[in-house]
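This is the structure I have questions about; it appears just below.
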Amino acid sequence: MATNIAKPMKRKGIKGEGAWGYAFIAVALVVFAMFTAYPVVSAFIISLQQYKPLGSTYVGFDNYVATVKDALFWQAMRNTVVYTLLTVPVNLILSMVIAIMILPLRKKTQGFFKGVYYLPVVASGVALSVVWLWIFDPMEGGILNQLIHFFGITNQNWLGSSKTAMFSLVLMSWLSSHGTSIIIYLAGLLGIDDTYYEAAEMDGANFFQKLWHIVVPSLKPATLFLLVTGVIGSFQVFQNAYLMTGGGPNNATTMVGLLIFNNAFTYFEFGKAAAQSLILAVIIAGISVIQFKYAGKDVEY
């Protein structure tokens, strides 16, 4: 009676196209491991310690408990949410409107306005802050105070008053952070087929009807992308608050990013800062998931 002896299967090695594929992604994987995965793991380990350069003490989840009980953390979170709600939607609308206004212009004129609006993106944040400090100067020489004099309003201490400090940062965002969004919206507008507009005109649609029924739906993928990245960026805002107000007055402009920075590099509470940064990361991830779930249902890429 013949018996069949199963032959051992030869394991195929990584050859040919497969080897080249791993070779191409190797650099990206190394960069991800060094600058994303390792810092996250390291931050989690530090968040479980009363961290000191020489000899840390394990404290478990005490830093997380202290953060949840910290009134300043929730004030900073509230300030961040208010800043996000006031800046992100308005910035999206302004960017879309500006892109629609630039679209009919000649290519050279389009290029000029693209450069003008994109220039603040590549300019130094410190240089921009110096300009805005001049604009918000509380003395009569401040540009904004000179402007409101035409309406009979007296000088305002824009950055030194808790009533106007947050508005000042919001106004700064409204007027100086549209370059990337405009470029993306222009690319989306150029991708809309002219036949849609021609069909709408044949049906007697006016400008606003074409805008609502053609432009807005066609730009939904770009809007979702800018919405998600805008919320992520606003929740991580640090530079404006740090350079313009330092979080004051009375913590009226203390954002979560600034609070984490102060805990780490001013008070040297690295464990608490690491715990707060991870909590912030979880909150941002949760908001992003909600945005994709409800705003990205019918979005196709």
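Please read these numbers as outputs of a predicted model, since none were measured by experiment.
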**Prompt:** Would N145 and Q156 count as having a side-chain donor-acceptor pair, cut-off 3.5 Å?
**Reply:** no
Table please: side-chain donor-acceptor pairs of residues 115-129 below 3.5 Å, with sequence neighbours left out.
residue: S124; atom: OG; partner: V126; partner atom: N; Å: 3.3
residue: S129; atom: OG; partner: G125; partner atom: O; Å: 2.9

**Message:** Could you go through Q75 and T254, starting from their C-alpha distance and side-chain angles, then the distance that decides it, and tell me whether this counts as side-chain contact (heavy atoms from CB on, under 4.5 Å)?
**Reply:** CA-CA 8 Å; Q75 181 180 354; T254 297; over 6 Å; no
**Prompt:** Within a strict 4.5 Å, meaning less than it, do heavy atoms of the E201 and K210 side chains meet?
**Reply:** yes
**Asked** So, the side chain of T164 versus the backbone of N157: is there a donor-acceptor pair under 3.5 Å, distance only?
**Response** yes
**Prompt:** Do the ring planes of F261 and F238 sit parallel (below 30°), tilted (30 to 60°) or perpendicular (above 60°)?
**Reply:** tilted
**Message:** Within the 4.5 Å heavy-atom criterion, are H149 and I153 side-chain neighbours or not?
**Reply:** no
**ILVMFWY cluster, V237 and F265 together (side-chain gap under 4.5 Å)** = no
**Request:** Spell out, yes or no, whether I279 and F270 are grouped together once hydrophobic residues are joined by side-chain heavy atoms under 4.5 Å, including indirect joins.
**Result:** no
**Asked** If you measure from CD1 on I182 to CG on L226, what distance do you get to the nearest 0.5 Å?
**Response** 10.5 Å
**Message:** Tell me whether M255 shares a hydrophobic cluster with L159, the cluster being built from Ile, Leu, Val, Met, Phe, Trp, Tyr side chains joined at under 4.5 Å.
**Reply:** yes
**Item:** Gap separating the OH atom of Y51 from the OG atom of S56, nearest 0.5 angstrom
**Value:** 5.5 Å
**Pairs satisfying side-chain hydrogen bond (donor to acceptor under 3.5 Å, both in side chains), at least one member in residues 28-47, at least two apart** = S47-Y64
**Prompt:** So, do W212 and F208 have ring centers that fall under 6.0 Å from each other?
**Reply:** no
**Request:** Could you go through the side-chain contact (heavy atoms from CB on, under 4.5 Å) check for Q291 and L227 one step at a time?
**Result:** CA-CA 8 Å; Q291 287 175 314; L227 176 64; 3.5 Å; yes
Going by atom type alone, with no hydrogens or angles, which donor-acceptor pairs under 3.5 Å involve a side-chain atom of residues 92-111 and a protein atom two or more places apart or on another chain?
residue: S95; atom: OG; partner: N91; partner atom: O; Å: 2.7
residue: S95; atom: OG; partner: H178; partner atom: ND1; Å: 3.3
residue: Q110; atom: NE2; partner: L103; partner atom: O; Å: 2.7
residue: Q110; atom: NE2; partner: L105; partner atom: O; Å: 3.1

**Request:** Taking all heavy atoms of G248 and all of A165, pick out the closest pair and write down the distance.
**Result:** O-CB, 4.2 Å
**Message:** Is it true that, when you exclude W174 itself, more than 12 heavy atoms of the residues, nucleotides or ligands shown sit nearer than 6.0 Å to its CH2?
**Reply:** yes
**Request:** May I have the step-by-step check of side chain to side chain donor-acceptor pair (under 3.5 Å) for Y185 and T223, ending in yes or no?
**Result:** CA-CA 8 Å; Y185 271 136; T223 301; 3.0 Å; yes
**Message:** Do V231 and V228 sit in one hydrophobic cluster, given that two such residues count as connected whenever their side-chain heavy atoms are within less than 4.5 Å of each other, even indirectly?
**Reply:** yes
**Request:** Taking the side chain as every heavy atom from C-beta outward, state whether S234 and T80 have any pair of such atoms under 4.5 Å apart.
**Result:** no
**Item:** side chain to side chain donor-acceptor pair (under 3.5 Å) between T253 and T245, worked out
**Value:** CA-CA 7 Å; T253 57; T245 64; 2.6 Å; yes
**Item:** Heavy-atom side-chain proximity of Y22 to L29 below 4.5 angstrom
**Value:** no
**Asked** Atom CE of M172 and atom CZ of F167: how far apart are they, to the nearest 0.5 Å?
**Response** 13.5 Å
**W132 side chain near L175 side chain, heavy-atom distance below 4.5 Å** = yes
**Asked** Is a side-chain donor or acceptor of E140 paired with a backbone partner of Q146 at a separation under 3.5 angstrom?
**Response** no
**Prompt:** Does any non-hydrogen side-chain atom of V282 lie less than 4.5 Å from one of L278?
**Reply:** no
**Asked** Are any side-chain N or O atoms of N206 and backbone N or O atoms of Q209, one a donor and one an acceptor, separated by less than 3.5 Å?
**Response** yes
**Message:** Hydrophobic clustering (ILVMFWY, side-chain heavy atoms < 4.5 Å, transitive) - are L48 and V41 grouped together?
**Reply:** no
**Prompt:** How long is the span from the CD1 atom in I148 to the CD1 atom in I143, to the nearest 0.5 Å?
**Reply:** 13.0 Å
**Request:** Taking all non-hydrogen atoms of both residues into account, name the closest pair between A43 and A274 and its distance.
**Result:** O-CB, 3.4 Å
**Message:** Using every non-hydrogen atom in the two residues, find where P39 and A33 come nearest and quote the distance to one decimal.
**Reply:** CD-O, 4.4 Å
**Donor-acceptor contact present, side-chain W74 to main-chain V68, <3.5 Å** = yes
**Message:** Checking W158 against D137: is there a side-chain donor and acceptor pair closer than 3.5 Å?
**Reply:** no
**Heavy-atom donor-acceptor pair, D193 side chain to T195 backbone, under 3.5 Å** = yes
**Fill in**
I284 and Q236 have their tightest heavy-atom pair at CD1-CG, 3.9 Å
**Prompt:** Run the side-chain contact (heavy atoms from CB on, under 4.5 Å) check on L147 and L144 step by step: do they pass?
**Reply:** CA-CA 5 Å; L147 180 63; L144 194 54; 4.2 Å; yes
**Complete:** Looking only at heavy atoms, the pair that brings S218 and P221 closest together is O-CD, 3.6 Å
**Donor-acceptor contact present, side-chain N240 to main-chain L169, <3.5 Å** = no
**Complete:** Between the CG atom in L259 and the CG atom in N79, the distance rounded to the nearest 0.5 Å is 10.0 Å
**Message:** Between F73 and R78, is the side-chain contact (heavy atoms from CB on, under 4.5 Å) condition met? List the steps.
**Reply:** CA-CA 9 Å; F73 174 78; R78 183 170 60 252; over 6 Å; no
**Asked** Taking C-beta and beyond as the side chain, do Q49 and N63 meet within less than 4.5 Å on heavy atoms?
**Response** no
**Complete:** Correct closest heavy-atom pair for W134 and G141 would be NE1-O, 4.2 Å
**Asked** From F292 CZ over to I287 CD1, what is the distance, rounded to the nearest 0.5 angstrom?
**Response** 13.0 Å
**Prompt:** Is D62 salt-bridged to K272, cutoff N-O under 4.0 Å?
**Reply:** no
